[in-house]
A.B. asks: 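Here it is, the structure in full.
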Amino acid sequence: MVNDGENGINISLVATCNDGVLPVDLLHDILLRLPARPLCRFRAVCRPWRALLSDPSFVAAHGARHPGPHLAVAVRGRLNAYGREVVDVHLVDASSGDVVKRICAGRCDRPAEMSTRGGRALLVDNNLLLRVLDPASGAAPLVPNYEIHPINYSFTLVRTASTGDYKVLRITHDVALQPRERQVCSVLALGGDGVNGDRLARWREVQSPPGNVKTWHKYVAVVDGVAYFVLRDEFLLRETGGGDWITAFDVEAEQWRPELVGGPPETFHNRLRVSLAALRGSLVVAQDDHQAGTLDLWFLLAGDGGKVGPQHWSKLYTVTMPYHGRPFRLDGERAEPVVVLDDGRIVFWVWERRVSSRGGVMRVYDPNTGGQTDVAAEANCVHVGMYTGSLLRPR
């Protein structure tokens with residue numbers, strides 16, 4: 001029995017043969033300090049090493065020592081042995097930009113619509129079937145319901161706040177709607193681990209949203225088991241002052257909340273681009289004003305000082321992005337806030353629009369100094385999300 005003093009975890013060491021080069025407890029302590037990527041390769045050294053590195057207690061201790069956060073970055077462009085394009089998911093350290101693990105997700109029909117939540121990623125494969133990727137093991141089984149999905153649907157992976165169970169919310173794409181047509185919504189339960197759910201589970205149709213919603217991921221944010229969407233007619237509502245423009249779906253109750261959410265209290269202009277995000281457990285509205293050269297992050301907070309009370313919007317950050325200050329702006333060029341680190345720095349993914357491909361850079365912004373640092377870049381990135389699961393697979 002070895003105690004990981006830093007995290008207070010008692011670890012039962014399996015019998016390990018290392019030819020007497022290192023004591024077992026010292027070998028364990030060395031391996032525990034290494035990132036996940038080399039450890040996955042070290043499992044092939046010998047059977048005792050594989051047993052140690054796959055032991056659930058070692059996996060738990062490694063997760064406690066390397067808590068992240070990590071970004072799940074979907075990258076396309078690599079060809080398999082048959083010359084067909086496959087999608088890889090890179091797990092990237094949010095503070096350093098280092099790729100700690102690469103997982104092949106196979107052929108995906110719509111990789112830009114990948115949805116990540118907790119330790120899972122939901123993808124649509126080339127046969128229009130849903131797969132749930134477990135980055136720790138690399139497995140990407142089909143969801144329990146083997147149904148071919150029409151191309152005019154979007155999918156959002158959500159975890160319930162009370163039980164942690166995974167569910168999928170399926171909504172008709174807003175761009176596929178006919179005039180006066182309402183969106184159709186369904187829910188599928190995937191179980192606690194998101195993979196081994198009920199094989200007899202079926203999609204349950206639920207009520208349509210109060211108004212048709214935008215389904216592109218920059219208009220969707222999930223906070224504490226509630227999925228927030230921007231109404232499709234939000235621009236008209238904001239310009240005319242005709243009402244609130246954010247609606248919420250409670251995944252545990254499987255119903256849309258009757259009350260809409262109003263946006264931040266500032267005046268809106270034609271040039272302002274709005275998106276949603278989830279940062280530090282709060283719903284965030286990002287207001288990107290290219291002409292003014294600012295990106296404002298408004299947090300929806302409860303009461304004063306975090307106490308229970310009426311929710312209100314608070315502008316906590318104002319950032320200048322590299323594309324600000326130019327007389328023009330390329331289509332698709334935007335900054336997406338991903339996570340706030342423990343030291344207060346904010347990680348953005350800055351999307352760039354090129355002639356031949358779409359990609360971006362991972363930029364870390366320090367609000368104390370106003371400085372920005374590019375820590376990673378990917379020319380063929382199509383989706384970025386948060387990953388909070390384990391990096392190693394227990395046996």
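Quick note: residue numbers are just sequence positions, from 1.
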A.B. asks: Can Gln372 and Val319 be said to form a side-chain contact (heavy atoms from CB on, under 4.5 Å), step by step?
C.D. replies: CA-CA 10 Å; Gln372 302 182 28; Val319 187; 4.0 Å; yes
A.B. asks: I would like to know whether Asp296 and Thr318 meet side chain to side chain donor-acceptor pair (under 3.5 Å); could you show each step before the answer?
C.D. replies: CA-CA 4 Å; Asp296 296 330; Thr318 297; 2.9 Å; yes
A.B. asks: Less than 4.5 Å apart, side chain to side chain, heavy atoms only: is that true for Val132 and Tyr166?
C.D. replies: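 Of all side-chain heavy-atom pairs linking Tyr166 with Val132, none is under 4.5 Å.
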A.B. asks: For Arg76, check side chain to side chain donor-acceptor pair (under 3.5 Å) against everything at least two apart and list the hits.
C.D. replies: Glu85
A.B. asks: State, yes or no, whether a side-chain contact exists between Val92 and Met362 at a heavy-atom distance under 4.5 Å.
C.D. replies: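 Heavy-atom side-chain distance check passes, below 4.5 Å.
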A.B. asks: Might you point out which heavy atoms bring Phe42 and Leu53 nearest each other, and give the distance in Å?
C.D. replies: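 Taking every non-hydrogen atom into account, CB-CD1, 3.7 Å.
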A.B. asks: For the side chain of Asp366 and the backbone of Gly370, is there at least one donor-acceptor N/O pair under 3.5 Å apart?
C.D. replies: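 Flag not set: sc Asp366 to bb Gly370 has no pair under 3.5 Å.
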A.B. asks: In Å and rounded to the nearest 0.5 Å, what is the CG to CG distance from Leu122 to Leu169?
C.D. replies: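 Output value for this atom pair is 11.0 Å.
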A.B. asks: Which heavy-atom pair separates Gln207 from Gln255 by the least distance, and what is that distance?
C.D. replies: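 Closest heavy-atom pair between Gln207 and Gln255: OE1-CB, 3.2 Å.
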A.B. asks: Where do Leu34 and Leu39 come nearest, in terms of heavy atoms and distance?
C.D. replies: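 Shortest heavy-atom contact: O-CD1, 3.8 Å.
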A.B. asks: For Phe348, enumerate each residue passing the ring pair (Phe, Tyr, Trp, His ring centres under 6.0 Å) test, keeping only those at least two apart in sequence or located in another chain.
C.D. replies: none
A.B. asks: A side-chain contact here means heavy atoms from C-beta on lying under 4.5 Å apart; do Val75 and Val73 qualify?
C.D. replies: yes
A.B. asks: Any side-chain to backbone donor/acceptor pair from His173 onto Tyr153? Under 3.5 Å, distance only.
C.D. replies: yes
A.B. asks: Mind checking what makes side chain to side chain contact (heavy atoms under 4.5 Å, CB included) contact with Val206, not counting sequence neighbours?
C.D. replies: Cys185, Val187, Phe249, Glu254
A.B. asks: Kindly compute the distance separating CG (Leu295) from CD1 (Ile346), expressed to the nearest 0.5 Å.
C.D. replies: 9.0 Å
A.B. asks: Show your working on side-chain contact (heavy atoms from CB on, under 4.5 Å) between Trp245 and Val285 and close with a plain yes or no.
C.D. replies: CA-CA 12 Å; Trp245 49 275; Val285 169; 4.1 Å; yes
A.B. asks: Which value, rounded to the nearest 0.5 Å, describes the distance between Met386 atom CE and Leu279 atom CG?
C.D. replies: 9.5 Å
A.B. asks: Tell me every residue that passes side chain to side chain donor-acceptor pair (under 3.5 Å) with Thr247, counting only those two or more places apart in sequence or in another chain.
C.D. replies: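 Partners of Thr247 under the side chain to side chain donor-acceptor pair (under 3.5 Å) test: none.
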A.B. asks: Is there a donor-acceptor contact under 3.5 Å linking the side chains of Glu252 and Ser162?
C.D. replies: yes
A.B. asks: Check whether any side-chain heavy atom of Val184 sits under 4.5 Å from a side-chain heavy atom of Ile171, and report yes or no.
C.D. replies: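 No, their side chains stay 4.5 Å or more apart.
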A.B. asks: Partners of Thr156 by side chain to side chain donor-acceptor pair (under 3.5 Å), sequence neighbours excluded?
C.D. replies: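 Applying side chain to side chain donor-acceptor pair (under 3.5 Å) to Thr156 gives none.
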A.B. asks: Considering only NZ, NE, NH1 and NH2 on the basic side and carboxylate oxygens on the acidic side, decide whether Asp125 and Arg131 come within less than 4.0 Å.
C.D. replies: yes
A.B. asks: Are Val86 and Val99 connected in a single hydrophobic cluster, I mean Ile/Leu/Val/Met/Phe/Trp/Tyr linked by side-chain heavy atoms less than 4.5 Å apart?
C.D. replies: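 Each belongs to a different hydrophobic cluster.
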A.B. asks: Could you pull out all residues at least two apart from Arg182 that satisfy side chain to side chain contact (heavy atoms under 4.5 Å, CB included)?
C.D. replies: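 Result, side chain to side chain contact (heavy atoms under 4.5 Å, CB included) vs Arg182: Ser208, Asn212.
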A.B. asks: Using 0.5 Å steps for rounding, measure from the CG atom of Leu133 to the OG1 atom of Thr116.
C.D. replies: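 That separation rounds to 10.5 Å.
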A.B. asks: Residues two or more places apart in sequence or in another chain: which of them pass side chain to side chain donor-acceptor pair (under 3.5 Å) with Asp374?
C.D. replies: Arg363
A.B. asks: With Ser282 as reference, evaluate Leu300, Val340, Leu301 under the side-chain contact (heavy atoms from CB on, under 4.5 Å) test and give the passing residue.
C.D. replies: Leu301
A.B. asks: Over all heavy atoms of both residues, which pair between Leu276 and Ala221 is shortest? Give the atoms and the distance, please.
C.D. replies: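 Looks like CB-CB, 3.9 Å.
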A.B. asks: Within this structure, what is the OG1-CZ distance for the pair Thr215 and Phe229, rounded to the nearest 0.5 Å?
C.D. replies: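 The CZ atom of Phe229 is 8.0 Å from OG1 of Thr215, to the nearest 0.5 Å.
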A.B. asks: Any chance you could lay out the side-chain contact (heavy atoms from CB on, under 4.5 Å) test for Leu71 and Val338, step after step, and finish with the verdict?
C.D. replies: CA-CA 8 Å; Leu71 274 58; Val338 183; 3.8 Å; yes
A.B. asks: Look only at the side chain of Gln183 and the backbone of Val213, and say whether a donor-acceptor pair between them is shorter than 3.5 Å.
C.D. replies: yes
A.B. asks: Checking the side chain of Lys101 only, and the main-chain atoms of Pro135 only, is there a donor and an acceptor separated by less than 3.5 Å?
C.D. replies: yes
A.B. asks: Run the side-chain contact (heavy atoms from CB on, under 4.5 Å) test on Leu157 and Phe155 for me, step by step, so that the C-alpha distance in whole Å, both residues' side-chain angles and the decisive distance to 0.1 Å come before the verdict.
C.D. replies: CA-CA 7 Å; Leu157 184 63; Phe155 304 90; over 6 Å; no
A.B. asks: Which atom pair, heavy atoms only, marks the closest approach of Cys104 to Arg78?
C.D. replies: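 Residues Cys104 and Arg78, closest heavy atoms: SG-NH2, 3.4 Å.
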A.B. asks: For residues 336-350, which residue pairs qualify under salt bridge (charged side-chain N to carboxylate O under 4.0 Å, His left out), counting only residues two or more places apart or in two chains?
C.D. replies: Arg334-Glu336, Asp343-Arg345
A.B. asks: Enter the distance from Asp25:CG to Leu32:CG here, rounded to the nearest 0.5 Å.
C.D. replies: 12.5 Å
A.B. asks: Considering only heavy atoms from C-beta outward, does the side chain of Phe299 approach that of Tyr317 to under 4.5 Å?
C.D. replies: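 Side chain of Phe299 against side chain of Tyr317, heavy atoms only: contact under 4.5 Å found.
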A.B. asks: List the residues meeting salt bridge (charged side-chain N to carboxylate O under 4.0 Å, His left out) with Asp98, not counting sequence neighbours, and say none if there are none.
C.D. replies: none
A.B. asks: Would you say the side chain of Lys167 lies within less than 4.5 Å of the side chain of Leu190, judging by non-hydrogen atoms?
C.D. replies: no
A.B. asks: Where the side chain of Asn80 meets the backbone of Tyr82, is there a donor-acceptor pair that is under 3.5 Å apart?
C.D. replies: yes
A.B. asks: Holding to salt bridge (charged side-chain N to carboxylate O under 4.0 Å, His left out), I want the full list of residues that pass it with Arg84, two or more places apart in sequence or in another chain.
C.D. replies: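 By the salt bridge (charged side-chain N to carboxylate O under 4.0 Å, His left out) rule, Arg84 matches no residue at all.
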A.B. asks: Just by distance, do the side chain of Trp256 and the backbone of Gly211 share a donor-acceptor pair under 3.5 Å?
C.D. replies: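 No: the side chain of Trp256 does not pair with the backbone of Gly211.
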A.B. asks: Where do Asp93 and Ser95 come nearest, in terms of heavy atoms and distance?
C.D. replies: OD1-OG, 2.7 Å
A.B. asks: State which residues pass side chain to side chain contact (heavy atoms under 4.5 Å, CB included) with Thr373; sequence neighbours excluded, sorted by chain then number.
C.D. replies: Val375
A.B. asks: So that I can tick it off, tell me whether Asp134 and Arg120 are bridged by a salt bridge, with the cut-off set at under 4.0 angstrom between side-chain N and carboxylate O.
C.D. replies: yes
A.B. asks: So Val361 and Trp349, do their side chains get closer than 4.5 Å, heavy atoms only?
C.D. replies: no
A.B. asks: Taking atom CZ as the centre, does Arg47 end up with more than 12 heavy-atom neighbours from other residues, nucleotides or ligands that are less than 6.0 angstrom away?
C.D. replies: no
A.B. asks: With distance as the sole test, does His383 use its side chain to make a donor-acceptor pair with the main-chain N or O of Glu113 at under 3.5 Å?
C.D. replies: no
A.B. asks: Decide whether Val45 and Ile30 are clustered together by the hydrophobic rule: side chain heavy atoms of Ile, Leu, Val, Met, Phe, Trp, Tyr closer than 4.5 Å, transitively.
C.D. replies: yes
A.B. asks: Report the residues that fulfil ring pair (Phe, Tyr, Trp, His ring centres under 6.0 Å) with Tyr387, sequence neighbours left out, ordered by chain and then residue number.
C.D. replies: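 Applying ring pair (Phe, Tyr, Trp, His ring centres under 6.0 Å) to Tyr387 gives none.
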A.B. asks: A side-chain contact here means heavy atoms from C-beta on lying under 4.5 Å apart; do Leu341 and Val347 qualify?
C.D. replies: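 The answer is yes, as the side chains (C-beta and beyond) meet within the 4.5 Å cut-off.
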A.B. asks: Does any N or O in the side chain of Arg107 come within less than 3.5 Å of the main-chain N or O of Val87, such that one atom is a donor and the other an acceptor?
C.D. replies: no
